[in-house]
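Down below is the structure, laid out as structure tokens.
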2 protein chains.
Amino acid sequence: MAAAPDDELVETLIGVFMEIDGLFSTTSRGLGLTPQQAQLLCFAQHLQPSFGELATLLHCDKTNITGLVDRLQRRGLLTRQPDPNDRRMTRVHLTPQGEAVTGQFQQAINTTLTTRFSSWPSTQRDSLVHLLQSAATALRP
Amino acid sequence: MAAAPDDELVETLIGVFMEIDGLFSTTSRGLGLTPQQAQLLCFAQHLQPSFGELATLLHCDKTNITGLVDRLQRRGLLTRQPDPNDRRMTRVHLTPQGEAVTGQFQQAINTTLTTRFSSWPSTQRDSLVHLLQSAATALRP
DNA sequence: TAAAATAGTCGACGCTATGGACTATCCATA
DNA sequence: TATGGATAGTCCATAGCGTCGACTATTTTA
């Protein structure tokens with residue numbers, strides 16, 4: 001492959017991406033959720049996002065959100081709440097059951113991820129956190 | 001959130017993951033491919049993977065690969081080749097046209113990713129590469 | 001007040017993903 | 001060497017994802 005330095009950065013970034021992708025898929029499936037559903041629930045946990053906000057957060061069309069929310073609402077994990085300030089908007093609120101399963105998902109991700117890094121010395125972990133924070137802002141255009 | 005140090009690592013990892021996820025989606029869509037199709041083409045570029053290998057690489061069931069390959073074959077981007085050593089297996093080979101579009105995809109990812117990091121000094125880039133390589137192996141169970 | 005922009009919904013269409021049943025092939029080992 | 005078990009791919013049915021275009025209701029702006 002004879003990777004140039006830049007290609008090496010790209011390559012490792014994608015390697016980490018694919019590992020986390022797999023972790024997200026298997027973890028959400030284990031809880032009876034699709035990855036998209038799990039991601040939506042995580043976004044709805046602290047904000048009460050509107051449908052349009054969910055569409056931009058999930059990088060998809062707004063018409064997709066309708067069905068996504070329908071299925072999660074049918075299972076009692078969230079509710080539609082009208083926005084008091086703008087009657088065009090609908091906001092998504094998690095039910096207690098939705099909070100529970102979202103917490104389960106996050107905890108599962110958290111424990112597998114932290115156990116994977118448990119052998120790392122804290123100095124190495126700190127420098128990775130620091131570099132990843134810069135990388136995340138660099139990646140946002 | 002008052003994140004503990006470990007939660008901070010998880011949080012930044014997921015932040016980077018989601019940015020790359022969005023980049024993959026928009027880039028593949030721009031070339032008329034789904035993200036799964038683009039990923040399959042990338043895997044088929046240097047190896048000639050069997051269907052089962054593709055299934056594990058893409059973290060999905062083998063029954064899914066049949067249709068995925070069907071659609072890419074119908075568009076002339078790859079061919080099915082019987083394995084000479086094991087007549088149960090079918091291997092996937094890219095056509096020249098498939099090589100071309102795969103190269104376009106990779107180059108698009110590559111350039112946007114490297115321009116995002118263009119302002120980074122090379123020492124910082126090197127240490128990120130080094131840490132990410134360790135992280136990728138740590139993430140593989 | 002009329003025109004333009006925004007928020008969500010619906011229907012049609014194709015792609016993704018799984019599970020179960022099926023065929024063909026390979027590989028033990030009796 | 002036969003036969004039983006494992007493996008590789010396919011097909012079907014079903015559910016979910018994702019987009020586009022058209023539509024209604026509600027703001028916003030001119």
Side-chain angles (χ1 to χ4, degrees), chain A residues 18 21-22 24-41 43-44 47-75 77-93 101, chain B residues 21-41 43-44 47-75 77-93 101:
Chain A
M18 292 201 304
D21 194 35
F24 266 55
S25 300
T26 58
T27 308
S28 45
R29 279 199 78 73
L31 288 167
L33 299 169
T34 65
Q36 296 84 356
Q37 290 174 338
Q39 231 169 321
L40 191 154
L41 291 173
F43 282 130
L47 4 172
Q48 272 86 47
S50 71
F51 281 52
E53 289 165 347
L54 284 172
T56 61
L57 286 169
L58 295 172
H59 303 291
C60 70
D61 196 273
K62 71 186 159 96
T63 64
N64 194 21
I65 305 293
T66 303
L68 215 43
V69 168
D70 277 348
R71 287 181 284 272
L72 290 168
Q73 189 172 12
R74 200 177 306 144
R75 290 164 59 171
L77 301 182
L78 51 78
T79 60
R80 283 169 156 91
Q81 302 284 348
D83 186 295
N85 300 110
D86 189 335
R87 288 188 306 180
R88 293 172 296 182
M89 286 209 239
T90 310
R91 297 200 168 271
V92 165
H93 291 227
V101 61
Chain B
D21 194 36
L23 177 61
F24 266 54
S25 300
T26 58
T27 308
S28 44
R29 278 199 79 73
L31 287 168
L33 298 170
T34 66
Q36 296 84 354
Q37 290 173 337
Q39 231 170 323
L40 192 153
L41 291 174
F43 282 129
L47 4 171
Q48 273 86 46
S50 71
F51 282 54
E53 289 165 348
L54 284 171
T56 61
L57 287 168
L58 296 171
H59 303 291
C60 71
D61 196 273
K62 71 187 161 97
T63 63
N64 194 21
I65 304 292
T66 302
L68 215 41
V69 168
D70 277 347
R71 287 181 283 274
L72 290 169
Q73 189 172 12
R74 202 176 305 143
R75 288 163 62 171
L77 301 182
L78 51 80
T79 61
R80 283 168 158 93
Q81 301 284 348
D83 186 296
N85 299 111
D86 189 335
R87 288 189 305 181
R88 293 172 298 181
M89 287 208 236
T90 310
R91 299 200 165 272
V92 165
H93 290 226
V101 60

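Computed from a predicted model, the values in this text were never measured in an experiment. So you know, we letter chains A, B, ... as the sequences are listed, proteins then strands, and number each from 1.
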For A:Met89 and D:dA25, give me the distance from atom CE to atom C1', rounded to whole Å. 14 Å
When the nearest nucleotide of DNA chain D is assigned to B:Ser50 and to A:Arg74 on a heavy-atom basis, which residue is associated with the more 5' position? B:Ser50
Euclidean distance, atom CG of residue B:Leu54 to atom C1' of C:dA17 [Å, nearest integer]: 15 Å
Heavy atoms from C-beta onward define the side chain here; which of C:dT25, C:dT16, D:dG9 lies closest to that of B:Thr34? C:dT16
Taking NE2 from A:His59 and P from D:dT19, how many angstroms apart are they, rounded to a whole number? 11 Å
Within-4.5 Å side-chain heavy-atom neighbours: B:Arg75 and B:Gln37: yes
Considering the terminal five base pairs at each end of the helix from C:dT1-D:dA30 to C:dA30-D:dT1, what angle separates the two local helix axes, rounded to 10°? 20°
Rounding to 0.5 Å, atoms CG (A:Leu78) and CG (A:Leu72) come to a distance of 5.0 Å
For A:Leu33 and C:dT18, give me the distance from atom CG to atom P, rounded to whole Å. 14 Å
Would you check if the side chain of A:Thr27 reaches a backbone N or O of A:Phe24 as a donor-acceptor pair within less than 3.5 Å? no
Any side-chain N or O of B:Arg80 less than 4.0 Å from the OP1 or OP2 oxygen of D:dG9? no
Presence of B:Thr63 side-chain N/O under 4.0 Å of C:dG19 phosphate oxygens OP1/OP2: no
Considering only heavy side-chain atoms of B:Thr66, the closest of C:dT18, D:dG9, C:dA7 is D:dG9
Heavy-atom check, side chain of B:Gln36 versus side chain of B:Leu58, under 4.5 Å: no
Measuring from the side chain of B:Asp61 (C-beta onward, heavy atoms only), which nucleotide among D:dT27, C:dT18, D:dT19 has the closest atom? C:dT18
Check the distance between C:dC15's P and B:Leu40's CG and give it to me in whole angstrom. 14 Å
Using OP1 and OP2 only, check whether a side-chain N or O of B:Arg87 sits under 4.0 Å from D:dA8. no
Please assess A:Arg80 against A:Val69 for the test side-chain contact (heavy atoms from CB on, under 4.5 Å), listing each intermediate value before the final yes or no. CA-CA 8 Å; A:Arg80 283 169 156 91; A:Val69 168; 3.6 Å; yes
To the nearest 0.5 Å, how far apart are CD in B:Gln48 and CD in B:Gln81? 9.0 Å
Go nucleotide by nucleotide along DNA chain D from the 5' end; which of A:Arg75 and B:Arg29 gets its closest nucleotide reached first? A:Arg75
Check whether any side-chain nitrogen or oxygen of B:Arg88 sits under 4.0 Å from OP1 or OP2 of C:dC27, and answer yes or no. no
Rounded distance (Å) that lies between atom P of D:dG18 and atom NZ of A:Lys62: 17 Å
Please determine whether salt bridge (Lys or Arg N to Asp or Glu O under 4.0 Å) holds for the pair A:Arg91 and A:Asp86, giving the CA-CA distance in whole Å, both sets of side-chain angles, and the decisive distance to 0.1 Å. CA-CA 11 Å; A:Arg91 297 200 168 271; A:Asp86 189 335; over 6 Å; no
Result for 5'-nearest mapping on DNA chain C, choosing between B:Asp86 and A:Glu53, is A:Glu53
Once you apply a heavy-atom cut-off of 4.0 Å, does A:Leu68 come out as touching a base, just sugar-phosphate, or nothing? sugar-phosphate
C:dA17, OP1 or OP2 - any side-chain N/O from B:Gln36 closer than 4.0 Å? yes
If you check every side-chain atom of B:Arg71, which of C:dC15, D:dT19, D:dT27 has the closest atom? C:dC15
When rounded to the nearest 0.5 angstrom, what is the spacing between CG in B:Leu40 and CG in B:Leu77? 10.5 Å
Find the distance B:Gln73:CD to D:dG9:P and express it as a whole number of Å. 14 Å
Which part of the nucleic acid, if any, lies within reach of B:Asn64 when heavy atoms closer than 4.0 Å are counted: base, sugar-phosphate only, or nothing? base
Spacing between A:Leu72 atom CG and D:dG16 atom P, to the nearest angstrom: 10 Å
